[in-house]
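Structure, as C-alpha cells:
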Protein chains: 2
Amino acid sequence: MGRAQQDAVSSGSHKYLAVRDYLTNLVVRELKVGDAIPSERTLTERFGVSRMTVRQAVAALVTEGVLERVQGRGTFVAPQRMDFELRLTTFGEEMQRRGMEPTTTVLASQTVAATPEVATELEIAPGDDVHFLYRVRSADGAPMCIEQVWVPVALVPPLFDDGPPASVYEALRAHGQAPVWGEQTLAAADATDAEASLLGLGRSRAVLRARRRTFSDTGPCMYSHASYRSDRYSVWVPLRAPGPAIVPRGRSARRDPHDTSAPVAGAHDGTTTEV
Amino acid sequence: MGRAQQDAVSSGSHKYLAVRDYLTNLVVRELKVGDAIPSERTLTERFGVSRMTVRQAVAALVTEGVLERVQGRGTFVAPQRMDFELRLTTFGEEMQRRGMEPTTTVLASQTVAATPEVATELEIAPGDDVHFLYRVRSADGAPMCIEQVWVPVALVPPLFDDGPPASVYEALRAHGQAPVWGEQTLAAADATDAEASLLGLGRSRAVLRARRRTFSDTGPCMYSHASYRSDRYSVWVPLRAPGPAIVPRGRSARRDPHDTSAPVAGAHDGTTTEV
DNA sequence: CAGTGGTCTAGACCACCCT
DNA sequence: GGGTGGTCTAGACCACTGA
C-alpha cells in the first residue's frame, strides 16, 4: 500500500471517492448552507488529480442535491432538500422526530393463513402462513392509527420468536430482510365501528387509509394496512412539473439488463382513479 | 455555421446535447425497454466527438432514469420509471390519461379579497385581490371533486379576461407563469353538507382533501383546495428507504447562491402530525 | 481583469461480461 | 479475447461573474 499522503477519509481505491468523501465531510462538519466549497482547480491541486476527476466527485454530490454549481461564481452547499419523497420509516421513528412519545397496544400477534388479498400483495400463495400483527399506535397517549401487518413466515420464520417486535422494520433488518423501498396508496374512508372505537373517534368518522407494500432486496417482505385519525394526521407531498415524458416505444422481448425476474411495474403516475 | 454533417436533431451548440437528443429520439422512436443503445465508442465515431462527451450525454439520461449502464455489457433502456413523484398536472390531463372524459361545472369565477389563509399561502397581503374559481370536476359525467382556486390578480391581471379558463395551469403558462413545482397536503375529512350534495355522496361522507400550493419561477402562483370522493380517488406514493442523510452544519449568514429571497423551507419529511 | 464553472479532446488502463 | 462501461490524465478554450 504505497499510498502516503492520502486523505484520512480515503475510501476505497477510486480517487474521485476520496474527493467526494472529503467534500461530504466538509459539508457535514464545517460548511453552512450557501457556503462555497473549494474551487475545482484548488481540489485538483490538493488531491493531485485531474480536473475531470474532481468534477466527477462534485457531480455526484450535485446529483444528490447536496451541492449546486453556479457558473462564474463557484460551487455552494445547497439549501437542505425537504426530503423529496416520503420516507420508509417506522411509526416510532416518525413520532420521535416530532418529539412525541410513541406507544403501542398489541391486539393480536399470531400466524394466520394469507387471504387472497394479502397473498397477492406479498406474491405468495393464498393460504400460506403469514405473521400477523394487529396494533393500535398512539402518540403522547392518544390513539393515532390502527395498523395491521403481514409478513410471510417462509421469508423470516423466527420473526416473532421473541414476541411481537416493537418495530417490524427493525426486526426485518435484524433478520436480513432490510426494507429498501415501498409503495403506498392513500385514500380517505369512513371508519368502521371497530376503528371508531379503537381510535376514540367522535363525530368525525373520516380516516386516512394507507395500504403499503414494503420491499427488501428479494421482493415484497411486508404488507400493511393503517387507518389514521383524520384530525391528527396528514401527508405532505411534493409535486414535480411534468417534463416532456421520454418514454420508450414498448416492452422488449429481451430480458431486463438486471435479472429482475419480477414483472416490470406498469406506468404509474401517482394518482389513481378507482371506478 | 460551418457545421456540415450534424445530425438533424442538433440542438443548440453543445455537442453533448446533439448526442443526448439523438439518444432521446432513439429511445422514444425505436428502442424498447431492455434494448441496448449503441456503445460509447460507436457514438464517439458516429458523432466525431471524444468519449467524455458521449459519456456526458449518456450520464444525463442515466440521471433522468431513462437509461441504465451495466458494466461489461452495455447501456440499456431502463424499465419505465413509475414516476417517482406525483405530477403537477391539471385535472383534465389526469383524467385523459385514464381514458375518462373530464367535464367541469363552474360555480363561481370572480375577483375576491384574499383571506388570511389564502394570503399566507400565496405570500401576499390579506385583502389583496385574487382571482377565484370554484368548480365541480367530473369524470365520465360523475362528480369527482370540488375545487377552489386562488391566483393573485397582481401576478396575472388578465387571467380570466376570456372567462374562466378550462385549465388554470394552461392559462398560467400562457401568461408567463408556468407552474414549475408544487406541494400538497393530503388529509381525510368528513364532507360538509355542501360537498356531499355537490359530489352526490351517499352514506359515505369521507373525502380526501388536498391543499396545494403551486409555484412558478417567481414564487407561489396559485393556491387551491380540492375535495375528492373517497370512493373514486386514491393516491399512490412511493417510499424510499431513509439514507444516512448528509446535512450541512447550519444556515450560513450568506445569501443563497441564487437570490431566492423567499425563506428557505424547513426540513420536511413527508408526513405531518397535526396536534 | 482574474477566477469560476462548462465544455471538449485524444488518448490510457482497468474491471467486468460473454463467448 | 474482444467488447463493454469505469476511471483517469493533462491539457485546452469558452461563458460567466465579480472586483
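Order of the sequence lines fixes the chain letters, A, B, ..., with proteins taken first and strands second; residue numbering starts at 1 for each chain.
- In the set D:dG6, C:dT9, D:dC8, the nucleotide with an atom closest to the side chain of B:Val49 is C:dT9.
- At whole-Å resolution of the value, CZ in A:Phe47 and P in D:dT7 are 17 Å apart.
- Here the P atom of nucleotide D:dG3 and the CD1 atom of B:Ile37 are 18 Å apart, to the nearest Å.
- Taking the salt bridge (charged side-chain N to carboxylate O under 4.0 Å, His left out) definition, one finds that B:Arg213 meets it with B:Glu121, B:Glu123, B:Glu183, sequence neighbours left out.
- Mapped onto DNA chain D by nearest heavy atom, A:Gly48 and B:Glu40 fall at different nucleotides, with B:Glu40 at the one closer to the 5' end.
- A:Arg55 has its CZ atom 11 Å from the C1' atom of C:dT4, to the nearest Å.
- In this structure, A:Leu186 and A:Gln184 have side chains that are in contact, with non-hydrogen atoms separated by less than 4.5 Å.
- In this structure, the side chain to side chain contact (heavy atoms under 4.5 Å, CB included) partners of B:Gln56, at least two apart in sequence or on a different chain, are B:Tyr16.
- Rounded to an integer number of Å, the gap from CZ of B:Arg20 to C1' of C:dT7 is 14 Å.
- In this structure, B:Thr75 reaches the D:dG5 phosphate: one of its side-chain N or O atoms is under 4.0 Å from OP1 or OP2.
- The phosphate of C:dG3 has neither OP1 nor OP2 within less than 4.0 Å of any side-chain N or O from A:Ser39.
- When the side chain to side chain contact (heavy atoms under 4.5 Å, CB included) test is applied to A:Ser216, the partners found at least two apart in sequence or on another chain are A:Gln177, A:Thr218, A:Cys221.
- In this structure, B:Glu45 places its CD atom 13 Å from C1' of D:dG3, rounding to the nearest Å.
- D:dG6 atom C1' lies 16 Å from atom CD of B:Gln56, rounded to whole Å.
- Nearest nucleotide to the side chain of A:Arg69, out of C:dG5, D:dG5, C:dT7: C:dG5.
- Summarising the geometry, the separation between CG on A:Leu43 and C1' on C:dG3 is reported as 14 Å, rounded to the nearest angstrom.
- By the salt bridge (charged side-chain N to carboxylate O under 4.0 Å, His left out) test, A:Arg41 pairs with no residue at all, sequence neighbours left out.
- Partners of A:Phe215 by ring pair (Phe, Tyr, Trp, His ring centres under 6.0 Å), not counting sequence neighbours, listed by chain and number: A:Trp181.
- Atom CZ of A:Phe76 and atom P of D:dT17 are 12 Å apart (whole Å).
- Using a 4.0 Å cut-off, some side-chain N or O of B:Thr53 falls inside it from OP1 or OP2 of C:dT9.
- Within 6.0 Å of CD in B:Glu45 there are 12 or fewer heavy atoms belonging to other residues, nucleotides or ligands.
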Item to check | Base versus backbone protein contacts along nucleotides 11-19 of chain C [heavy-atom cut-off under 4.0 Å; B, S, -] | outcome: -B--BBSS-

